[in-house]
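Single-structure report; data block below.
Residue indices begin at 1 and follow the sequence shown.
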Amino acid sequence: MAAPAEQRVCRQTWWFVVVLLSVSCLPMVSALIDGLYCGTEVCYDVLGVPREASKAEIARAYRQLARRYHPDRFRSGDPALAGETQESAENKFLLVATAYETLKDEDSRKDYDYMLDHPEEYYQHYYAYYSRRLAPKVDVRIVILVTVCAISIFQYYSWHSSYNEAINYLVTVPKYRIQATEIAKEQGLLSRTKEKGKNRRSKEEIREQEEEVIRDIIKNKIDIKGGYQKPNWSDILLCKLVLFPYYLTSYVAWSASWFYRFTVCREEYGDQEKLYIIRRNMKMSQSQFDSLEENLRDSFLEKQLWIKENYEVYKQEQEQEMKVKMATDPRMKRYRRWMKTEGPGRLTFMDD
């Protein structure tokens, strides 16, 4: 009977040792954690103020200590710094600055006071400290707004540059230049009146004025589509984001109207609805579809491409036509010949 009792006592002793070792491995529960805030020092004690001190009292204590321990003001013979070295004064200055940074902010001070009152929440203090320390100093909303504005400005001026490039090219095209000149003459914008005295202009000035008139007529009469179209403020990113609720509401209302008219009521498609279905089948954007010639869009309606089966037949015809064109085009023949003889993936050796 004694042996089982001794074994039971021995087993209980081992369990006690294991629990004791486990507890000893846990971090010490302390209100002051090295690496957080003022480390093993109390920030209030560093500044010499009580926990109930106001912001003004904390700022006054900080200024006094900062003047005393500032590295630029350190003097080895100063009686107020007796026993201090340059290095120790710098360390105290950094500690004072850390204490002030911790206590001057209401949220940071609240976290610090919570750490002093609840030392057992060890990992929560680490999270609160580093989440606030690593948080961005600038409001994220301001950063996003500035970024969107910068992108919008770049968009507008890029589109404006492309539009001016297109106008400069069209001015040099004889077809458009002749038409613009005729319109300018009909409107009396190119009438050369005889000028005398000080108001007389040189030939270069007259030519520059005529070019400007032709350019303005081309700019007003020609409707450029696609990537070189005239820039519009409503197309930039900022305006689209501001008007997004309006666009979303309009789209929902349009979808509901489409469903009611053509699914519930079984109405016949109009020309605009037919063109919309054709554009959706072709997977083209609105600007791309608008840049097509009007007679080409009319041919889509004649072929009834809004019907899925007709569009599939049209698509196969276009692909077959493209294959024939590529097979008969001399440039494509040269390209295939080059790919076969000297293209990538072929190694040749040339004798000197």
Side-chain angles (χ1 to χ4, degrees), residues 16-153 238 241:
F16 178 75
V17 173
V18 170
V19 172
L20 184 62
L21 291 175
S22 301
V23 173
S24 64
C25 293
L26 293 176
M28 296 287 293
V29 177
S30 175
L32 303 177
I33 304 173
D34 192 16
L36 301 186
Y37 304 105
C38 297
T40 57
E41 299 285 339
V42 179
C43 293
Y44 293 101
D45 295 342
V46 171
L47 296 178
V49 295
R51 288 188 59 172
E52 298 78 15
S54 62
K55 278 189 175 182
E57 294 174 343
I58 292 173
R60 191 183 309 112
Y62 165 72
R63 287 193 295 268
Q64 293 176 356
L65 294 174
R67 283 194 297 266
R68 181 186 303 175
Y69 294 109
H70 197 282
D72 295 339
R73 293 174 173 268
F74 180 80
R75 298 292 183 271
S76 58
D78 191 349
L81 299 175
E84 297 286 348
T85 62
Q86 180 77 24
E87 184 177 358
S88 63
E90 291 181 2
N91 293 335
K92 286 188 176 182
F93 176 77
L94 294 176
L95 185 61
V96 168
T98 302
Y100 178 66
E101 290 294 328
T102 302
L103 301 180
K104 75 173 184 178
D105 182 68
E106 289 292 337
D107 296 332
S108 178
R109 183 177 181 179
K110 187 182 300 182
D111 291 341
Y112 183 71
D113 291 341
Y114 185 83
M115 186 187 76
L116 295 178
D117 297 333
H118 301 83
E120 69 281 358
E121 299 182 13
Y122 187 81
Y123 298 104
Q124 173 64 24
H125 303 324
Y126 269 103
Y127 172 77
Y129 175 77
Y130 283 105
S131 62
R132 187 174 301 280
R133 186 179 183 87
L134 300 178
K137 303 300 182 182
V138 182
D139 193 345
V140 178
R141 294 170 294 182
I142 297 178
V143 175
I144 294 175
L145 178 61
V146 171
T147 303
V148 170
C149 291
I151 294 174
S152 302
I153 294 172
L238 181 61
L241 291 177

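Atom SG of Cys43 is separated from atom CG of Leu116 by 8.0 Å, given to the nearest 0.5 angstrom. Between the CG atom of Leu238 and the CG atom of Leu145 there is a distance of 7.0 Å, given to the nearest 0.5 Å. Taken from CZ in Arg109 to CG in Asp107, the straight-line distance is 12.5 Å, to the nearest 0.5 Å.
Listed by first and then second residue, the ring-ring contact (aromatic ring centres under 6.0 Å, His included) pairs that reach into residues 38-57 come to none, sequence neighbours excluded. Counting only residues at least two apart or in different chains, salt bridge (Lys or Arg N to Asp or Glu O under 4.0 Å) contacts with residues 52-62 comprise Lys55-Glu106. Screening residues 86-100 for salt bridge (Lys or Arg N to Asp or Glu O under 4.0 Å), with sequence neighbours left out, gives Glu84-Lys92.
For Leu241, the side chain to side chain contact (heavy atoms under 4.5 Å, CB included) test picks out Val148, Leu237, with sequence neighbours left out. Taking Arg51 as the reference, Asp117 meet the side chain to side chain donor-acceptor pair (under 3.5 Å) condition, with sequence neighbours excluded. Among residues two or more places apart in sequence or in another chain, the side chain to side chain donor-acceptor pair (under 3.5 Å) test is passed with Tyr62 by none. With sequence neighbours excluded, no residue forms a side chain to side chain donor-acceptor pair (under 3.5 Å) with Asp105.
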Below 3.5 Å, can you tabulate the donor-acceptor pairs from side chains in residues 94-103 to any protein atom, sequence neighbours excluded?
residue: Thr98; atom: OG1; partner: Leu94; partner atom: O; Å: 2.8
residue: Glu101; atom: OE2; partner: Lys104; partner atom: NZ; Å: 3.4
residue: Thr102; atom: OG1; partner: Thr98; partner atom: O; Å: 2.8

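The minimum heavy-atom distance linking Ala61 with Val49 is given by the pair CB-CG1, 3.8 Å.
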